[in-house]
K.L.:
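Handing you this structure, nothing more for now.
The chain is numbered in sequence order, starting from 1. Order of appearance sets the numbers: ligands from 1, and atoms from 1 within every ligand.
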Amino acid sequence: MLELRDVSKSYATPQGPLSVLRGVSLQLAAGESLALMGESGCGKSTLLHLAAGLDTPDSGRIWLADRALDAMNEAQRSALRRHRLGLVFQAFHLVPTLTVSDNLRLQARLAKQEVPDWSVELLERLGLAKYRDHYPEQLSGGQQQRLAIGRALAVRPNLLLADEPTGNLDERNADDVLALLMELVVETGSALLLVTHSPRVADPMNRCLRLHHGRLETIEP
Ligand SMILES: Nc1ncnc2c1ncn2[C@@H]1O[C@H](COP(=O)(O)OP(=O)(O)OP(=O)(O)O)[C@@H](O)[C@H]1O
Ligand SMILES: [Mg+2]
């Protein structure tokens, strides 16, 4: 579903180039779940952005759903994202002028692959049904986070990229949301690449990798 081959990425900074990823390779099969860990600032979000085709590597190649990202133009990458990917960012990027229900359905509608019953079910299972006609600013941080997860899953993605999807929740709510996320991922058959600082969150994933000094290391369970 996702492959990175020898991917490197650096950013230009006033102090000179900052090398963040130094030859990162990984493969994620359909239906597989992977936790990505590592210290703050080590490049986890950078890796997710590259995997989503939102940024381009300096060298190396990335395949998403068997298509090489560098062989596509921006419009093609954007269409691939819309149809195949669920994205949960550290900042939720909810649309303030749309209701909870319309936010949840937005990507699925744009991709013309909304399954109305599934959207309703997601709202219920994420505990958002009674807020369906509210606006994001009327939600708590944890509710916004659940809505961001719902929006990503409404499209029934082939791959879900989630950046600290339970970062704003207390431990009990985080466990609940994570359990639900795993359930939904299994139901949709989606692959999952999840960034987390929490070993508790990483525990139920099939594999766990740590990004350290620009390289990936396997963490044994
Ligand atoms: N657009 C940018 N320009 C310059 N430097 C950047 C840019 N984006 C990120 N960085 C730097 O690259 C490094 C990796 O950032 P990244 O956001 O990928 O880290 P992270 O592992 O996701 O951290 P966190 O756990 O805090 O979210 C950091 O040192 C950051 O300051
Ligand atoms: Mg980050």
K.L.:
Could you tell me whether any N, O or S atom belonging to Ser45 is less than 2.8 Å from the Mg ion (ligand 2)?
P.N.:
yes

K.L.:
Does the side chain of His134 reach to within under 4.5 Å of the side chain of Thr99, using non-hydrogen atoms?
P.N.:
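When only atoms from C-beta onward are counted, Thr99 and His134 do not touch, as no gap falls below 4.5 Å.
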
K.L.:
Using a strict 4.0 Å cut-off to heavy atoms of His197, name the atoms of ligand 1 that fall inside it.
P.N.:
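Every atom of ligand 1 under 4.0 Å from some heavy atom of His197: 25 (O).
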
K.L.:
Between Thr46 and ligand 1, which residue portion shows a heavy-atom distance shorter than 4.0 Å: side chain, backbone, both, or neither?
P.N.:
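It is both parts that get close, each with some atom under 4.0 Å.
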
K.L.:
Are any N, O or S atoms from Gln90 nearer to the Mg ion (ligand 2) than 2.8 Å?
P.N.:
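Yes - counting backbone and side chain alike, Gln90 has an N, O or S atom under 2.8 Å.
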
K.L.:
Kindly work out whether a path of hydrophobic side-chain contacts (I/L/V/M/F/W/Y, heavy atoms less than 4.5 Å apart) joins Leu160 to Leu87.
P.N.:
no

K.L.:
Among Ala12, Ser45, Gly41, which residue places a heavy atom closest to atom 17 (O) of ligand 1?
P.N.:
Ser45

K.L.:
Tell me whether His213 at atom NE2 has more than 12 heavy atoms from other residues, nucleotides or ligands lying less than 6.0 Å away.
P.N.:
no

K.L.:
Please determine whether any non-hydrogen atom of Cys42 lies less than 4.0 Å from an atom of ligand 1.
P.N.:
yes

K.L.:
In the protein, which heavy atom is nearest to atom 31 (O) of ligand 1, and how far is it?
P.N.:
Leu18 CD2, 4.7 Å

K.L.:
Just heavy atoms, cut-off under 4.0 Å: does Glu164 contact ligand 1 by side chain, backbone, both, or neither?
P.N.:
neither

K.L.:
Taking side-chain contact (heavy atoms from CB on, under 4.5 Å) as the criterion, tell me which of Leu192, Leu2, Leu28 meets it with Leu34.
P.N.:
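The passing option is Leu28.
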
K.L.:
Within a distance of under 4.0 Å, is there any protein heavy atom near atom 11 (C) of ligand 1?
P.N.:
yes

K.L.:
Classify the side-chain pair Gln145/Thr166 by whether it contains a donor and acceptor separated by less than 3.5 Å.
P.N.:
no

K.L.:
Going by an N to O cut-off under 4.0 Å, is there a salt bridge joining Asp6 and Arg61?
P.N.:
no

K.L.:
Just jot down the ligand 1 atoms closer than 4.0 angstrom to any heavy atom of Val20, in number order.
P.N.:
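Selected atoms, number and element: 12 (O), 13 (C), 14 (C).
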
K.L.:
Nearest protein heavy atom to atom 27 (O) of ligand 1: under 4.0 Å?
P.N.:
yes

K.L.:
Side chain, backbone, both or neither: which applies to Leu211 and ligand 1 if a contact is any heavy-atom pair less than 4.0 Å apart?
P.N.:
neither

K.L.:
In the protein, what heavy atom is nearest to atom 4 (C) of ligand 1, and what distance, to one decimal place, separates them?
P.N.:
Tyr11 CB, 3.4 Å

K.L.:
In terms of heavy-atom contacts, does CD of Glu137 have more than 12 from other residues, nucleotides or ligands at under 6.0 Å?
P.N.:
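Not more than 12 within 6.0 Å, no.
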
K.L.:
Considering only NZ, NE, NH1 and NH2 on the basic side and carboxylate oxygens on the acidic side, decide whether Glu114 and Lys112 come within less than 4.0 Å.
P.N.:
no

K.L.:
Are any side-chain N or O atoms of Lys9 and backbone N or O atoms of Leu47, one a donor and one an acceptor, separated by less than 3.5 Å?
P.N.:
no

K.L.:
Who's the nearest protein heavy-atom neighbour of atom 25 (O) of ligand 1, and how far?
P.N.:
Lys44 NZ, 2.7 Å

K.L.:
Do Arg210 and Glu39 meet the salt-bridge criterion of a basic N to acidic O distance under 4.0 Å?
P.N.:
no

K.L.:
At a 4.0 Å threshold, what atoms of ligand 1 neighbour a non-hydrogen atom of Gln90?
P.N.:
27 (O)

